[in-house]
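Only heavy atoms go into these numbers, but all of them, side chains included; no hydrogens, no water, no symmetry mates.
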Amino acid sequence: MGNRSFIFGTLYRPPSKNVSEFLINLEDNLIESFLNSNDIICGGDINIDFMDCQNKHVQAFCDCLEMFNLTQIVDSPTRITKTSSSLIDVIVVPKDINVSTKGAVDIGCVSDHLLVYCGLDLKCAVPDVKHSRFRNFKRIDKNLLQDLLLLSPFQDIFYIPSINEKVSYFNSIIINIFDTVAPLREMKHMNFKPPWLTDNVRLLMSLRDKAFSKFKRTRRPSHWDYYKLLKNYTTNALRREQSAYFMHCCYNSHGNSKDLWKRLRKLDIMNNSKTANIPIEYDDPNKINDHFLSPSNIVNPDAEKINFYNNNYCKHFEQLFSFNLVSETIIYKYLTEIKSSAMGADGINIEMLLLCCPYILPFITHIINSCLLENVFPDSWKVAKVFPLPKKNSITSMSDLRPISILPVLSKILEKIIKFQFIRHLDKYTILPPYQSGFRQGFSCTSALLDVTDDIIKEIDDGNTTALVLLDYSKAFDTINHQLMLAILKYIGCTNEVVKLFSDYLSHRYQFVETSIGASDRRPVLCGVPQGSVLGPVLFSVYSAGITSSLRHSKPYLYADDTQIKFSFQHTQVQSAISLINEDLNILAKESISHQLTINPLKSTVLLFGKHKNDIKDIFKISIGNTIIPHANFARNLGLILDSDLRFSKHIDKCISRSYGRLKLLYPYRHIFSTKLKILLCDILVLSLFNYCDVIYGPCLTKNDINRVQKVQKSCLRYVFGVRRYDPVSYKLPEAGWLDMRERRELHAAVLFHKIILYKTPPYLYNKITFRTDIHNINLRFRGLISQPRHCTAMFTRSFSHNIYKLYNQVPTNLKSLPVSIFKVKFKHLLFLNK
């Protein structure tokens, strides 16, 4: 198995042992084993019947295993009596190991349990040899580059009449320059060879191995002592070399961590892009490209709707929207904001352009301004290079592939300029719905989910039941009709010139797919907005802005194409609620189809919340057309796993599983990394996984989940400082510079609440706040304080409305007027002082 190691263990739970205590002990032992071994295999008698699917302890046991990527594989009874049969003997193996055989056999009078067994396929996977083409920018002769830039006839661009020719001419000069100073090279990616394996270390390893071979032949104690001496000396030398290497990385990466993260990715510590290989039968670039370009269920838009948008404006505009020219300063600002070094179809990446700055800035500015003046988007900027990435480990169809689109760098610069000016127009006239949270300043997934959960909790506090319908649009961005999109742009106040530029941007686009075996042919993109583009999400938000306005009874929440609607009702009015929700859903489906968007009912989900949710679940059937939307007890909603009890246990399970998975990658280097680097890596790679939406789930966690989250931080502290398993470790928090997990959540909540109050954004959250001075301003003591919302149940204490009142009123007055960045530092310092 190469470098893979295993821990084999046995499990036993006496019938008298409390299951909850057993699972807590099991989790603690799995943490220790998981972090110190590649794989865990265990089995035994746990006295929990897996044949009883309704048994809550079965699900709890499986959830515990899920956190460590383990699964229970026995599926037949293991104890059979005259009157019953049960499955209480289990075998637990890693999910990614292939199980070739499994079963249970009778062993006669030895035991009244059957003997469980399994066969595992432990073949080592042979790593693929990958090829890539790259330019070595580190060894560029900068004097030669400067001379070539000064000698190149860039100024001829000013006299070329066609924009497409300007871009082609500019690209050719840049490519020719870099073919001279940093020519393209092909490299094979073999197994990573650790740079700390120096010649001296290799020599010591060779001497150690020879000493061990000699001892095996002679079996003399003196030869064993000599081998042990060499082994210890080699281990210490190896650790010293590793430690020196990473100290060198940290020192050279001071102020710029890109080089450090690159080295860590090579060690698979920060490699987030590890995916399964595409099977040979699906690795056909042309077929993959055809699949990506074939949107399903396309319906032509309503001609009357296009005429309506073309002949009307959504409101009175003082001035129609048009583009303004830009300066070199703005161009350089947008160039420096691009982080991806990916190379588009034109063969140019951001590193090449930045190396040529400031010499090329006047010419890029001229090309961009020419596009804005002539309302043209260059053809070469409309070609996308697409990489297919597997969505999961086992690929069974083309649908398991996700397209990652790479566009030319300069196209992103022009798109950023268009987006910035376009969004100012949208905000000035409030074109987008107030509940659209996608890609808007001050709005986020967290703010959208805070609004949803706060509304649900308020309804539960009022004694109502709430239905939340999470709708799935099939290939939403890929099915946008260009003709209808342009009509909507005119409807929201764009001039004919602006519409012409957007028309050129959307039309005559092409894409090709590139895989390990080569590239596909270029195929035209006939509809939709470009994948991976800057403008795509904004255009979709504009395109779909009017769809939910047709709802009559439900409240919508939007984040780009993620749409959800909420309807609350008394549990005695179930049939009426079903009728009203179905009416809204069918209106929404019809309106979506008229915009060439299709809702997929089978991939949509219904969640019920409230005291009586289980009483009405079986009769609560809502549908789109004749297709019933399935129910669920939990579902992923904008990256947060939302459950019908609003306890977020599934989300915590997922976060804990990922955090231990990342900590496990760090563990082999615990004797090598410096304490400072270990603190940094744990904070960024492990604990940061709990940051997302912790403002929402934090007040809702059970005591058990709070302890489990805190246990992750303690594991990080043990890793950083080398503290043993059962020794106290919380006192090390100040030394690491960390708040505990509860205080981290409090800090994140305070910063978000401060942003909302300071900038009054998003309005749907700010409007939920009632200040005491809004009620009366007689007593100046209460100025700036939030009024306590009235409520009836303890459930309300989990809501945004309650927690912003509770937390923000405790913030010292002198902090409330500070900018967000300073407020965060001061409030964190305050939390440290209050420890």
Side-chain angles (χ1 to χ4, degrees), residues 20 56 59-60 63 67 444-468 470 557 564 566 568 605 607-614 632-659 687-713 739-753 756 765 768-769 788-789 791-808 810:
S20 297
K56 65 178 182 179
Q59 186 59 49
D63 289 343
M67 289 193 298
S444 65
C445 292
T446 299
S447 68
L449 290 166
L450 268 177
D451 191 25
V452 174
T453 53
D454 187 71
D455 287 349
I456 292 171
I457 291 172
K458 282 181 179 178
E459 293 293 348
I460 295 174
D461 188 65
D462 291 337
N464 293 329
T465 300
T466 297
L468 184 69
L470 309 178
Y557 307 86
Q564 46 195 305
K566 175 191 73 73
S568 299
T605 307
L607 292 172
L608 288 175
F609 303 87
K611 181 179 178 181
H612 301 282
K613 62 180 184 293
N614 293 326
N633 292 323
F634 59 89
R636 184 175 293 276
N637 188 1
L638 296 177
L640 179 71
I641 302 178
L642 186 66
D643 58 80
S644 57
D645 294 323
L646 288 176
R647 284 299 186 182
F648 300 98
S649 293
K650 292 289 183 182
H651 184 76
I652 294 301
D653 287 345
K654 190 68 175 178
C655 289
I656 291 175
S657 174
R658 294 180 63 199
S659 64
L687 299 181
S688 63
L689 293 170
F690 294 94
N691 292 352
Y692 181 70
C693 288
D694 61 355
V695 178
I696 301 168
Y697 71 70
C700 303
L701 297 182
T702 62
K703 186 176 180 179
N704 181 49
D705 282 338
I706 290 173
N707 292 335
R708 292 169 67 219
V709 172
Q710 189 59 45
K711 196 182 294 182
V712 175
Q713 189 180 51
L739 299 167
D740 67 34
M741 299 306 286
R742 181 194 62 80
E743 291 167 335
R744 280 171 68 104
R745 293 192 291 270
E746 185 177 344
L747 173 64
H748 297 156
V751 171
L752 178 61
F753 296 162
I756 293 169
L765 289 181
K768 292 175 182 281
I769 306 168
Q788 181 178 6
H791 60 279
C792 304
T793 65
M795 179 75 172
F796 191 79
T797 59
R798 307 185 205 170
S799 68
F800 162 78
S801 299
H802 175 83
N803 282 287
I804 194 171
Y805 144 77
K806 181 181 176 182
L807 177 57
Y808 205 70
Q810 296 175 358

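Summarising the local packing, NZ of K711 is surrounded by more than 12 heavy atoms from other residues, nucleotides or ligands at distances under 6.0 Å.
For the salt bridge (charged side-chain N to carboxylate O under 4.0 Å, His left out) test, residues two or more places apart in sequence or in another chain that qualify with K613 are D645. Scanning for side-chain contact (heavy atoms from CB on, under 4.5 Å) contacts around A750 gives L807, F823, F827, with sequence neighbours left out. In this structure N614 satisfies the side-chain hydrogen bond (donor to acceptor under 3.5 Å, both in side chains) test with no other residue, sequence neighbours excluded. Under the rule for a ring-ring contact (aromatic ring centres under 6.0 Å, His included), Y808 has no partner lying at least two apart in sequence or in another chain. Scanning for ring-ring contact (aromatic ring centres under 6.0 Å, His included) contacts around Y557 gives an empty result, with sequence neighbours left out. Not a single salt bridge (charged side-chain N to carboxylate O under 4.0 Å, His left out) links D643 to another residue, sequence neighbours left out. Under the side-chain hydrogen bond (donor to acceptor under 3.5 Å, both in side chains) criterion, R742 pairs with E746, sequence neighbours left out. In this structure, F690 has no ring-ring contact (aromatic ring centres under 6.0 Å, His included) partners at least two apart in sequence or on a different chain. With sequence neighbours left out, the ring-ring contact (aromatic ring centres under 6.0 Å, His included) criterion links Y692 to no other residue. For T702, the side-chain contact (heavy atoms from CB on, under 4.5 Å) criterion is met by R647, N704, D705, not counting sequence neighbours. Taking D653 as the reference, R708 meet the salt bridge (charged side-chain N to carboxylate O under 4.0 Å, His left out) condition, with sequence neighbours excluded. For H802, the side-chain hydrogen bond (donor to acceptor under 3.5 Å, both in side chains) criterion is met by no residue, not counting sequence neighbours.
Atom-to-atom distance recorded for I652:CD1 and S657:OG is 12.5 Å, nearest 0.5 angstrom. Separating the CG atom in D455 from the OG atom in S799 is a distance of 10.0 Å, to the nearest 0.5 Å. Here CG of N633 is found 9.0 Å from NZ of K650. Values are rounded to the nearest 0.5 Å. In this structure, the separation between SG on C693 and CD1 on I641 is 11.5 Å, given to the nearest 0.5 Å. How far CD1 of I457 is from CZ of F800: 11.5 Å, rounded to the nearest 0.5 Å.
The closest side-chain heavy-atom distance from E743 to L747 is not below 4.5 Å. Residues L752 and L450 are in side-chain contact: their nearest non-hydrogen atoms beyond the backbone lie under 4.5 Å apart. Put simply, the side chain of I769 does not reach to within 4.5 Å of the side chain of F753, judged on heavy atoms. The shortest side-chain heavy-atom distance between T453 and R798 does not fall under the 4.5 Å cut-off. Contact check for T465 versus F609: no side-chain heavy atoms found under the 4.5 Å cut-off.
D451 contributes no side-chain N or O that, together with a main-chain N or O of S447, makes up a donor-acceptor pair within less than 3.5 Å.
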CA sep, side-chain torsions, deciding dist, call: K458, D454, salt bridge (charged side-chain N to carboxylate O under 4.0 Å, His left out): CA-CA 6 Å; K458 282 181 179 178; D454 187 71; 3.4 Å; yes
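Between R744 and D694 there is no salt bridge, since no side-chain N of the basic residue sits under 4.0 Å from a carboxylate O of the acidic one.
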